[in-house]
Amino acid sequence: MLNSSVPATSAALPRNPDLHCHSSVSDGLLPPAEVVKRAHANGVDLLALTDHDELSGLDEARETAASLGLRFVNGVEVSVTRGSATLHIVGLGIDPNCEVLQQGLKSVRDGRQGRALAMAASLEKIGIRNCYEGAIKYARNPALVGRSHFARYLVEIGICREVHEVFRSYLTPGKPGYVPHQWSELSQAVSWIRAAGGIPVMAHPGRYRMSREQMDKLLAEFVAQGGLGIEVVAGSHNPEQEREFARLARKYSLLASRASDFHGPGESLIDLGCANPLPEDLTPVWSRLL
Ligand code: AMP
Ligand code: MN
Ligand code: MN
Ligand code: MN
C-alpha cells in the first residue's frame with residue numbers, strides 16, 4: 001500500500017526488482033508459489049505478482065515470499081479497451097480487500113467466457129474444432145480463460161509449433177480466431193487501482209501500435225485520470241523503446257517500472273529478474289512502494 005509518510009530510504013533499495021509477472025491463476029504456466037520461488041532463485045529482491053484481472057494468487061505468493069525473505073508487492077494487470085485498442089494497466093501496492101477493485105475486476109472477468117465461446121465458434125468456421133474445451137483445460141479458473149490458453153491448445157493439436165506463432169496467425173486483429181472485446185475503460189481501471197491505494201502503471205507501452213502523437217495523447221489522458229507510472233523497461237521492449245519510454249517518463253513525471261512480464265519457462269521473452277536496469281535519473285516506482 002502507498003505510504004507517503006515513510007521516506008524512500010527507510011528500506012534498502014532493491015537491486016533486482018521485477019514488478020510484473022503472471023501465475024497459473026491467469027495465463028502464466030506456474031502456480032503462484034513456484035513463480036515466487038523462481039524469482040527468488042533468479043535473484044529478484046522485490047517482486048509483484050500481477051495476474052490479469054484477478055487477485056486470488058496473491059495470498060499464496062505473499063506467503064511464499066515471506067517464507068523466503070523476499071519483499072513482495074500486491075499487484076494486478078487490468079485489461080482496458082480504448083477505442084479499438086486493448087491496453088493493460090498494472091496496479092502496484094493495491095489492497096486486495098478493496099471492494100471497489102474487487103467488483104471492478106469481477107466485471108472485467110465476466111466477459112471472458114462469452115468471448116472464449118465466440119473465439120471457438122470463429123475457429124470452428126475454419127475447421128478447428130473443440131477449441132473452447134481445449135483452451136479451458138489450460139485455464140486453472142475457467143472464468144479467466146484467455147488467448148494464451150487457446151494458443152497452448154492449438155500448439156497441442158499441432159496447428160502451430162509454438163504460442164507466438166499461434167498469436168501471429170490466429171489470435172491477433174484480422175486473424176480468424178480474434179474476437180474484438182470490450183474490457184474496462186481506462187478511467188475505470190485507474191480509479192479502481194487508486195481506490196485500492198495502488199499505483200496505476202502503464203504496462204508495456206511499446207506493445208501498443210501507436211504513433212508518437214497517439215502515445216502522447218494516451219499518456220496525457222492517463223496522467224489526467226490519475227495514472228502515476230510507466231513500464232520503461234519491459235520484457236517486450238527493445239533498447240530503443242526503453243530510451244523512448246524513459247523520455248516519456250521524464251516528460252510526464254511518471255514513476256518508472258521494470259518488468260519481465262514473465263508467463264512461464266519457454267513462453268516468455270525473458271525470465272524473472274532478467275530485464276535491463278532502469279536509467280538512473282528516473283524515479284523508480286519502488287521508491288513509492290517500500
Ligand atoms: P487476453 O487477455 O485473453 O486477450 O490475452 C492477452 C495475453 O495474451 C497477454 O497477456 C499475453 O500473455 C498473451 N499474448 C498477447 N500477444 C501475444 C503474442 N504475440 N505472443 C504471445 N503471447 C501473447
Ligand atoms: Mn498474459
Ligand atoms: Mn499485458
Ligand atoms: Mn502481463
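Both ligands and their constituent atoms are indexed starting at 1 by order of listing.
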Open item on the list: Distance check below 2.8 Å: does H22 bring an N, O or S atom to the Mn ion (ligand 2)?
Closed with: no

Task: Name of whichever N/O/S atom of D27 is nearest to the Mn ion (ligand 2) - done: OD2

Open item on the list: Less than 2.8 Å away from the Mn ion (ligand 3), how many protein N/O/S atoms can be counted, ignoring water?
Closed with: 3

SB check [X] [Y] (cutoff 4.0 Å):
X	Y	result
E240	R243	no
K106	D110	yes
E34	K37	yes
K251	D216	yes

Open item on the list: I'd like to check the side chain to side chain contact (heavy atoms under 4.5 Å, CB included) partners of A33; sequence neighbours left out, ordered by chain and number.
Closed with: E60, T64

Task: With K217 via side chain to side chain contact (heavy atoms under 4.5 Å, CB included) - residues at least two apart - done: R82

Task: Partners passing side chain to side chain donor-acceptor pair (under 3.5 Å) against N16 (at least two apart in sequence or in another chain) - done: R258

